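All remarks here apply to the structure that follows.
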Amino acid sequence: EDQVTQSPEALRLQEGESSSLNCSYTVSGLRGLFWYRQDPGKGPEFLFTLYSAGEEKEKERLKATLTKKESFLHITAPKPEDSATYLCAVQGRGLAGNNRKLIWGLGTSLAVNP
Amino acid sequence: DTEVTQTPKHLVMGMTNKKSLKCEQHMGHRAMYWYKQKAKKPPELMFVYSYEKLSINESVPSRFSPECPNSSLLNLHLHALQPEDSALYLCASSQVISLPDTQYFGPGTRLTVL
């Protein structure tokens, strides 16, 4: 069964204190892994799509990496405005229909204190 | 431009009311999605439209009725809802669902059923 597990569930950092969020997955043939940021009461904001092991993508203070079993979202020198829930989702190859929908993790709630 | 718009932002309705949620995108995407999200949970897929045709219905109760009038618009008609249907309703769009493509989300409609 396809599954996504994110850790930690919650993380509190001081401003400037770098850290990483983890997304472990099991899926029948990875088609893509997605990272989103979500602020309370708002829709998820797209961050990155990763397609194959070894791939890395960066955006400002964020860097996403992918292996065959997991993905990391590295946050370098975070600021209070980086506080949000970070969601990971995967899409497997499977067959047409429901197997192509996103499988979501429960998210990591990040709080960055000034 | 990666914008998906949703109206209204907030909606309060009684269990006997009929209301509609609206979603619009102008990115030329040919797949559109409705999600339901409860607090501290990831988005839960409800419906997928591909090329204006309903392609996935995740066994959603008939009190939720989707409609895709054209490639840019997506509606969700609500009737005889229950208090447990209160949630954040999210619309998303992507280029084509048969590829590993990225879903872009709207800001959501916060629905409260009294």
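Side chains are part of it too, since the values below use all heavy atoms of this structure and drop only hydrogens, waters and symmetry mates. Just so it is clear, the structure is predicted and the values come from calculations on it, not from any experiment. Chain identifiers are assigned alphabetically (A, B, ...) following the order of the sequence lines, protein sequences preceding nucleic acid strands; residue numbering begins at 1 within each chain.
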Would you say [atom1] of [X] has more than 12 non-hydrogen atoms from neighbouring residues, nucleotides or ligands within 6.0 angstrom?
X	atom1	value
K18(B)	NZ	no
L106(A)	CG	no
R63(B)	CZ	yes
E81(A)	CD	yes
K57(A)	NZ	yes

What part of Q38(A) gets closer than 4.5 Å to chain B, counting heavy atoms only: side chain, backbone, both or neither? side chain
With chain B as the partner, which of G41(A), A89(A), P40(A), G43(A) has the greatest number of non-hydrogen pairs under 4.5 Å? G43(A)
Quick one: are P44(A) and L90(B) in side-chain contact, heavy atoms under 4.5 Å? yes
Does a side-chain heavy-atom distance below 4.5 Å link P43(B) with L102(A)?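 Contact flag for P43(B)/L102(A) side chains = no.
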Check each of F34(A), F46(A), Y36(A) against F105(B) using the ring pair (Phe, Tyr, Trp, His ring centres under 6.0 Å) test, and report the only one that passes. Y36(A)
Quick one: do L11(A) and Y86(A) end up in the same hydrophobic cluster if we chain Ile, Leu, Val, Met, Phe, Trp and Tyr together by side-chain heavy atoms under 4.5 Å apart? yes
Checking heavy atoms, do the side chain of Q6(B), its backbone, both or neither come under 4.5 Å from chain A? neither
How long is the gap from OG on S55(B) to NZ on K101(A), to the nearest 0.5 Å?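 Between S55(B) OG and K101(A) NZ, I get 12.0 Å after rounding to 0.5 Å.
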For K42(A) against L88(B), the heavy-atom pair lying closest together: O-CD2, 3.9 Å
